[in-house]
There are 2 protein chains.
Amino acid sequence: MAIVSRYTVALHILTWLAYWSEKDEFFPSDRIANSVGTSPVFLRRILGQLAKAGLVLVQHGGTGAGWKLARLPEEISLLDVYEAVVQTPLFELHHSQPNPSCIIGNGIQPALQTVYEDSEEALKRRLAQESIRDLVASSLEQGKQ
Amino acid sequence: MAIVSRYTVALHILTWLAYWSEKDEFFPSDRIANSVGTSPVFLRRILGQLAKAGLVLVQHGGTGAGWKLARLPEEISLLDVYEAVVQTPLFELHHSQPNPSCIIGNGIQPALQTVYEDSEEALKRRLAQESIRDLVASSLEQGKQ
DNA sequence: TTTCATTGAAACTGAATCAGTTACATTGAG
DNA sequence: CTCAATGTAACTGATTCAGTTTCAATGAAA
């Protein structure tokens, strides 16, 4: 299957927060939900992961409660977000155990592990090159057309 | 989520066929299943996709029915297998529609599409560098330890 | 100290996907 | 003709995911 839409939503949240970050405010999850088009509860689950990763700050209680970026948009890479939100390895190995008395069945999993790790690294290197700041710029550019 | 284990199984099948490919035989799905440790029906579904992609040949009917490689192992890249077996894009966009009257909600999807395509390309470039022949060698190496 | 907008978290739902099974018609070499 | 094998449809059980409902906990502000 694919990389969960949760990642897309996380990027949307951060891009939105970055766009409004000049005002030094905390924004409640249902204001963000209005842009993303999904439920505030779903967003808070993701925001919780982003907070644990140190990408956003949360303010509890009171009228001004909500969320804001913990760093400058240019200091949050898409890889940071990936690692905050996607915990599982990109490739799955066998669900059932290969036959260990077959020479291929015995050696294929460690062989694949190496290739899989290298490939996932290639993906991550690419994600590391892009920041939330880039996404804001690119979204504004695309949105005006 | 992750890239389906179907991809791992497809690589296992091809590596196994490559290992036995000196004998110019067709191997039935349940012999392959013995190495992979899964059901012949599941394998035949995958083998069907590999056949459509021109990676394996199938022989119907008779005593010698089964499957064999359509090309030399060094001429089958892991990318060939990926494209034969994985049809969905690597990254999912939103499940629900972002708010088009929000400037970020309006522009984020095309912005993401670009980054997602580039990142998927980076992954595929890495997969293109490895062949089934490499996997056979690496499996034998790993298996003997 | 009270108010109250908001977060945090648990429990549940419905849909989708996946691996795996059963069953049976189809194929075609020998 | 035989029969070992493929092709395929239908079903199951497990898992994951997005989304909803509900309610206790938080804590800034009045």
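Chain letters run A, B, ... following the sequence lines, proteins first and then strands; every chain starts at 1.
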Whole-Å distance separating the [atom1] atom of [X] from the [atom2] atom of [N]:
| X | N | atom1 | atom2 | answer |
| --- | --- | --- | --- | --- |
| B:Gln49 | D:dT8 | CD | C1' | 14 Å |
| B:Leu47 | D:dG7 | CG | C1' | 12 Å |
| B:Lys52 | D:dT8 | NZ | C1' | 11 Å |
| B:Gln97 | D:dA18 | CD | P | 18 Å |
| A:Leu43 | D:dC17 | CG | P | 17 Å |
| A:Glu92 | D:dT15 | CD | C1' | 10 Å |
| A:Gln59 | C:dG8 | CD | P | 11 Å |
| A:Ile46 | D:dA18 | CD1 | C1' | 9 Å |

Going by heavy atoms closer than 4.0 Å, what residues in residues 13-39 of chain B are next to DNA chain C?
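Nucleic-acid contacts, sorted: B:Thr38, B:Ser39.
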Just so I know, are the side chains of [X] and [Y] near enough to count as touching, which here means a heavy-atom distance under 4.5 Å?
| X | Y | answer |
| --- | --- | --- |
| A:Val36 | B:Pro98 | no |
| B:Glu74 | B:Ile132 | no |
| A:Glu25 | A:Lys68 | no |
| A:Leu90 | B:Leu123 | yes |

For the side chain of [X], starting at C-beta, report the closest nucleotide among [options].
| X | options | value |
| --- | --- | --- |
| B:Phe42 | D:dG19, D:dA28, C:dA19 | C:dA19 |
| B:Arg44 | D:dA18, C:dT27, C:dA23 | C:dA23 |
| A:Val58 | D:dA18, C:dG8, D:dA9 | C:dG8 |
| A:Trp67 | C:dA19, D:dA5, C:dT7 | C:dT7 |

Is the backbone of [Y] close enough, under 3.5 Å, to the side chain of [X] for a donor and an acceptor to pair up by distance?
| X | Y | value |
| --- | --- | --- |
| A:Thr8 | B:Glu92 | yes |
| A:Asp134 | A:Ser131 | yes |
| B:Asp80 | B:Ser77 | yes |

What's touching nucleotides 2-4 of chain C from the protein side, N or O pairs under 3.5 Å?
none

Do the side-chain N or O atoms of [X] get closer than 4.0 angstrom to the phosphate oxygens (OP1, OP2) of [N]?
| X | N | result |
| --- | --- | --- |
| B:His60 | D:dG7 | yes |
| B:Arg45 | D:dT8 | no |
| B:Thr63 | D:dC3 | no |

Which word best sums up how the rings of B:Phe91 and B:Tyr116 line up, parallel for under 30°, tilted for 30 to 60°, or perpendicular for over 60°?
parallel
Taking transitive links into account, so neighbours of neighbours count too, which hydrophobic residues share a cluster with B:Leu72 at under 4.5 Å side-chain distance?
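So far as hydrophobic clustering goes, B:Leu72 is joined with none.
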Using a 3.5 Å cut-off and no angle test, enumerate the donor-acceptor pairs between side-chain atoms of residues 43-63 of chain A and protein atoms at least two apart in sequence or in another chain.
unit_1	atom_1	unit_2	atom_2	d
A:Arg44	NH1	A:Ser29	OG	3.1

Going by ring pair (Phe, Tyr, Trp, His ring centres under 6.0 Å), name the residues that satisfy it together with B:Tyr82, two or more places apart in sequence or in a different chain.
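So B:Tyr82 forms a ring pair (Phe, Tyr, Trp, His ring centres under 6.0 Å) with B:Tyr7.
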Of A:Gly61 and A:Gly64, the one whose closest DNA chain D nucleotide lies more 5':
A:Gly61
Scan B:Gly48 against the nucleic acid and name what it touches under 4.0 Å (heavy atoms): base, sugar-phosphate only, or nothing.
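Counting heavy atoms under 4.0 Å across all strands, no contact is made by B:Gly48.
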Represent DNA chain D in dot-bracket notation, 5' to 3'. Only Watson-Crick or G-U wobble pairs with both distances under 3.5 Å count; pseudoknot-style crossings use [ ] and interstrand partners use |.
||||||||||||||||||||||||||||||
If you draw a 6.0 Å radius around CZ in B:Arg133, do more than 12 non-hydrogen atoms from other residues or ligands fall strictly inside?
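Open: at most 12 neighbouring heavy atoms sit under 6.0 Å from CZ of B:Arg133.
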